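Bear in mind the structure is a predicted one, so any value in this text is a computation, not a measurement.
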Amino acid sequence: QVQLVESGGGLVQAGGSLRLSCTASGRTFSYAMGWFRQASGKQREFLATVWSTGNALYADSVKGRFTISRDNTRNSLYLQMNSLKPDDTAVYYCAASEQQYISAYSAAYDYWGQGTRVTVSS
């Protein structure tokens, strides 16, 4: 059974940093893995995705502040978040795709973690 488990969320002050991790079990993902978030009362939002080769795609809202990376040997995905703002407060989700293309659309992702909450105080 495939499982994605996120960790690293928490409470941080504005301007601070957090590093989220996601570990996949049950199979190895050869294609895109990404991060999304959902703030209270809002739709799920794409943040970043990375192909197995390391090629990445970012949303404009986080470009330059967030960095996505993956360790294929550990079947893990990471999101380094710097210069955090109160607007970054949300539940952050890891996702993995079995599609042979990179995408910012949540429908392209087949597996999802349960989410980890990030709260940024002002």
Side-chain angles (χ1 to χ4, degrees):
Q1 185 176 353
V2 175
Q3 272 196 314
L4 300 178
V5 180
E6 303 96 336
S7 61
L11 174 64
V12 64
Q13 286 190 329
S17 299
L18 280 176
R19 186 183 191 230
L20 304 183
S21 299
C22 170
T23 300
S25 61
R27 60 160 291 172
T28 299
F29 290 99
S30 301
Y31 303 120
M33 295 185 73
W35 289 98
F36 292 74
R37 70 185 178 191
Q38 188 165 16
S40 180
K42 295 187 177 181
Q43 291 189 333
R44 192 165 294 188
E45 176 190 11
F46 165 76
L47 299 176
T49 185
V50 60
W51 197 251
S52 57
T53 56
N55 291 338
L57 178 68
Y58 291 92
D60 288 343
S61 59
V62 303
K63 198 176 295 184
R65 297 191 300 125
F66 292 7
T67 302
I68 190 171
S69 61
R70 64 192 285 174
D71 184 340
N72 294 327
T73 64
R74 297 176 182 267
N75 220 19
S76 294
L77 181 71
Y78 307 98
L79 186 68
Q80 177 65 43
M81 305 187 295
N82 299 327
S83 302
L84 284 162
K85 308 172 184 178
D87 284 349
D88 293 319
T89 295
V91 177
Y92 285 67
Y93 296 91
C94 166
S97 174
E98 292 187 330
Q99 310 307 314
Q100 297 184 33
Y101 54 85
I102 199 167
S103 176
Y105 292 100
S106 59
Y109 293 80
D110 303 282
Y111 301 98
W112 293 83
Q114 293 299 306
T116 185
R117 183 171 297 276
V118 172
T119 303
V120 184
S121 64
S122 56

Within a radius of less than 6.0 Å around CD of Gln114, do more than 12 heavy atoms belonging to other residues, nucleotides or ligands occur?
no
Fit a plane to each ring of Tyr92 and Phe66, take the angle between them on a 0 to 90° scale, and name the class: parallel (under 30°), tilted (30 to 60°) or perpendicular (over 60°).
tilted
How are the rings of Phe36 and Phe46 set relative to one another: parallel (under 30°), tilted (30 to 60°) or perpendicular (over 60°)?
perpendicular
Distance from [X] atom [atom1] to [Y] atom [atom2], nearest 0.5 Å?
| X | Y | atom1 | atom2 | answer |
| --- | --- | --- | --- | --- |
| Lys85 | Ser83 | NZ | OG | 8.0 Å |
| Asn72 | Leu77 | CG | CG | 10.0 Å |
| Leu84 | Arg65 | CG | CZ | 6.5 Å |
| Leu79 | Thr67 | CG | OG1 | 8.0 Å |
| Gln13 | Ser122 | CD | OG | 9.0 Å |

Under 3.5 Å: donor-acceptor pair, side chain of Glu6, backbone of Gly115
yes
Distance-only, no hydrogens or angles: does the Thr89 side chain make a donor-acceptor pair with backbone N or O of Val120 under 3.5 Å?
yes
If every non-hydrogen atom of Gln80 is compared with every non-hydrogen atom of Ser17, which pair is closest and at what distance?
NE2-CB, 3.9 Å
Where Thr23 and Arg74 come nearest, the two heavy atoms and their spacing
CG2-O, 4.5 Å
Set out, in order, the CA-CA distance, both residues' side-chain angles and the distance that settles side chain to side chain contact (heavy atoms under 4.5 Å, CB included) for Arg37 and Val118, then state yes or no.
CA-CA 9 Å; Arg37 70 185 178 191; Val118 172; over 6 Å; no
Are [X] and [Y] connected in the hydrophobic side-chain network, where two residues link if heavy atoms are under 4.5 Å apart?
| X | Y | result |
| --- | --- | --- |
| Ile68 | Tyr109 | no |
| Val91 | Trp112 | yes |
| Ile102 | Tyr31 | yes |
| Met33 | Tyr78 | no |

By ring pair (Phe, Tyr, Trp, His ring centres under 6.0 Å), Phe29 pairs with (sequence neighbours left out) Tyr111
Is a donor from one side chain sitting under 3.5 angstrom from an acceptor on the other, for Tyr93 and Ser106?
no
Considering residues at least two apart in sequence or located in another chain, which fulfil the salt bridge (Lys or Arg N to Asp or Glu O under 4.0 Å) criterion with Arg44?
none
Is Met81 close to Leu20 at the side-chain level, that is, under 4.5 Å between some pair of heavy atoms?
yes
Less than 4.5 Å apart, side chain to side chain, heavy atoms only: is that true for Cys94 and Trp35?
yes
Set of residues satisfying side chain to side chain donor-acceptor pair (under 3.5 Å) with respect to Arg27, sequence neighbours excluded
Glu98
Under-4.0 Å salt bridge between Asp60 and Lys63
yes
